[in-house]
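Here is the structure we will look at, set down as structure tokens.
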Amino acid sequence: MSGSDEARVVSEQTGYSLVARIFHWTTVAFVAVLVPVGLYMTYRGKELNLWDATTNTLYSGHKLAGFTLLCLIVLRLIYRVFAGAPDHEPSLSTFHIVASKITHWAIYAVLIAMPLAGWIGVSAFPALDTFGGLKLPALVAPDKDLAAQAFAVHGLLGYALMALVAVHVGAALYHHIVLRNSVLTRMTSGRPRS
């Protein structure tokens, strides 16, 4: 057996590395908090016109967590480029492989574009303050029209992310429950399904 064949067999058996799994599930945790907080803070601010300490705290936390998520995704992509990813689960059809790649890279693209749009929005508004006097660096000069456009794009990307995550989760559950392959367990335990 050649070295590349051995690496392929190991990757099929072990699934994703511990580092890749930590990046994945940390991203999941950030998104699971950021999306509902973003919806709720917008509801309090725009719909209720309630600009109190709670709303300000939600906005501050959302900005800081979004910036942190952007940094995390950049690190995750750097790791992916240098460490690679395991081979696809052996039972996958060409359709599943192509659909998986499109969905994964679309999620990555949105996870970069969405916080960037938000950052441009808070730069143009300007509203760069977060917790403890920490201030995000401005990406653009103040411009209320640009801020409105950036926030609109940020919101649309949030809905796009929710749709992509629904597809991603649905596909993982389909593979786990219906096809009974190792797609999900390779990301949860790093091992094939027993």
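Computed from a predicted model, the values in this text were never measured in an experiment. Atom set for the values below is all heavy atoms of this structure, side chains included, hydrogens, waters and symmetry mates excluded. Nothing fancy with the numbering, it's 1 onward along the sequence.
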Under 3.5 Å donor-acceptor pairs involving side-chain atoms of residues 68-80, not counting sequence neighbours:
residue	atom	partner	partner atom	Å
Thr68	OG1	Leu64	O	2.8
Arg76	NE	Tyr108	OH	3.3
Arg76	NH1	Thr27	OG1	3.2
Tyr79	OH	Ser17	OG	2.7

Transitive ILVMFWY cluster of Val167, excluding itself - 4.5 Å side-chain cut-off: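 None; Val167 is a cluster of one.
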Who are the side chain to side chain contact (heavy atoms under 4.5 Å, CB included) partners of [X], not counting sequence neighbours?
X: Thr94; answer: Val98
X: His62; answer: Leu34, Val37, Met41, His154
X: Ile22; answer: Leu18, Thr26
X: Leu156; answer: none

Partners passing ring-ring contact (aromatic ring centres under 6.0 Å, His included) against [X] (at least two apart in sequence or in another chain):
X: His24; result: none
X: Trp25; result: none
X: His176; result: none
X: Phe30; result: none

To the closest 0.5 Å, what do you measure between OH (Tyr59) and NZ (Lys63)?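 Tyr59 OH to Lys63 NZ: 9.5 Å, rounded to 0.5 Å.
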Interatomic spacing from NE2 in His88 to OG in Ser93 - rounded to 0.5 Å: 11.0 Å
Asp145: salt bridge (Lys or Arg N to Asp or Glu O under 4.0 Å) partners, not counting sequence neighbours: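 Listed in chain order: nothing, the list is empty.
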Donor-acceptor pairs under 3.5 Å, side chain of residues 118-131 to any protein atom, not counting sequence neighbours: which ones?
residue	atom	partner	partner atom	Å
Trp119	NE1	Pro137	O	2.7
Ser123	OG	Trp119	O	2.8
Ser123	OG	Leu139	N	2.9
Thr130	OG1	Leu134	O	2.9

Is there a donor-acceptor contact under 3.5 Å from the side chain of Thr55 to the main chain of Gly45? no
